[in-house]
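So the structure is just underneath, and the comments pick up after that.
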Amino acid sequence: MSPRAGFVLIDQIEPRLRAIIPHIRPVGAEDAEELMQDALTVAAQMMDRLEQIGKQVTPGNIAYYVILHMKSGRRSYSAGRTDVMGSGTQLDGLSSVQSFEDPAGFDPETNEEIPLGDMLAGNADDPAQSAGRMMDWEQFLDTHNPRYEAMVNDFAQGKRATDTAARFGFSNSWAHDLKEKLAGDLLEYFGEDAVADSMHVPLWRGNVRVDQEKALCRAERRH
């Protein structure tokens, strides 16, 4: 976009947009200032395309069509109706965005509201933790021979040490010795803090737990 078009955008188009944008209904978490910035971006994109094809239009026309874009849910980053997070999709009533803090029900014991985030939070390992743990194990097993890796995999799957020993043709005492050797290898490879690090609770789960404890305290004070 040329410098002249930039001056037109700031001096003639922006005042028109700023007068209308506050009257446009925002979607989801949008606010008037965010819509204003997006409208300016759309206007700049229009002016750049018009310059490239050598067509001239008045600042009033640019502002008019930008306002139509904003009202219909079209934004500088998306104009389609297939994005469930898109403003246009929400205006059509095909999707909606809810905060994790919105109430999703009541706890029957405390009669406190349960946020939607608590309902969706699972007790399984955090995905980032699981991925990191898998990488650590792969690196550890790469330092040993394939038979050692196969035996460790048996232990991880909960198979009995005696069954593992029999599968490889060793005695039961050998399986016991292998477990002790595995414990020593892990401490040597990962360090003494490895167990404590693996049990670290993710921050998001700690926040959920704090909210639950606060709700219980409020319920106890009422009784």
Side-chain angles (χ1 to χ4, degrees), residues 1-105 113-122 124-136 138-139 200 202-208 210-211:
M1 189 170 67
S2 67
R4 177 181 176 279
F7 284 117
V8 172
L9 176 66
I10 299 301
D11 295 338
Q12 301 185 45
I13 296 178
E14 181 180 0
R16 290 177 167 88
L17 295 177
R18 197 167 290 279
I20 302 297
I21 287 297
H23 302 286
I24 296 179
R25 181 168 65 90
V27 179
E30 293 177 337
D31 56 30
E33 189 58 34
E34 183 179 353
L35 282 177
M36 183 64 207
Q37 297 302 320
D38 201 271
L40 282 175
T41 303
V42 173
Q45 292 172 343
M46 286 185 179
M47 297 182 71
D48 183 58
R49 288 195 295 267
L50 289 171
E51 279 192 326
Q52 291 180 12
I53 63 177
K55 187 174 181 179
Q56 292 185 351
V57 297
T58 65
N61 283 336
I62 293 289
Y64 173 77
Y65 284 108
V66 169
I67 293 299
L68 290 182
H69 275 58
M70 296 295 104
K71 286 183 176 180
S72 67
R74 300 181 69 179
R75 300 292 184 262
S76 61
Y77 50 85
S78 174
R81 252 57 178 179
T82 56
D83 180 7
V84 296
M85 299 289 289
S87 300
T89 312
Q90 296 179 59
L91 286 174
D92 292 342
L94 300 177
S95 68
S96 63
V97 178
Q98 290 182 280
S99 170
F100 280 166
E101 300 300 323
D102 289 346
E113 288 184 348
I114 303 177
L116 179 61
D118 288 10
M119 300 287 287
L120 298 177
D125 284 345
D126 183 275
Q129 278 190 316
S130 298
R133 189 179 299 117
M134 183 63 68
M135 293 175 61
D136 290 340
E138 288 177 352
Q139 294 174 358
H200 179 69
L203 291 178
W204 65 266
R205 187 174 294 164
N207 293 337
V208 170
V210 168
D211 291 340

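All heavy atoms count here, side chains included; hydrogens, waters and symmetry mates do not.
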Spatial distance of atom CD (Glu14) from atom CG (Leu9) [nearest 0.5 Å]: 7.0 Å
Spacing of CD1 belonging to Ile20 relative to NZ belonging to Lys71, to within rounding of 0.5 Å: 7.5 Å
Smallest separation among heavy atoms of Ala43 and Ile62, with atom names: CB-CG2, 4.0 Å
Nearest heavy atoms of Arg74 and Met70, plus distance in Å: O-CE, 3.3 Å
Flag side-chain contact, heavy atom, 4.5 Å: Lys55 against Arg49: no
Closest contact, heavy atoms only, Gln12 versus Pro59: OE1-CG, 3.2 Å
Closest non-hydrogen atom pair between Arg75 and Val42, with its separation: C-CG2, 4.3 Å
Gap between atom CG of Asp31 and atom CE of Met36 - 0.5 Å precision: 12.5 Å
Distance (rounded to the nearest 0.5 Å) between Leu40 CG and Ile10 CD1: 6.0 Å
Nearest heavy-atom neighbours spanning Met47 and Ala5: CE-O, 3.3 Å
Euclidean distance, Ile21 CD1 relative to Gln37 CD, rounded to 0.5 Å: 10.5 Å
Minimum-distance pair of heavy atoms, taken over all atoms of Leu35 and Ile24: CD1-O, 4.1 Å
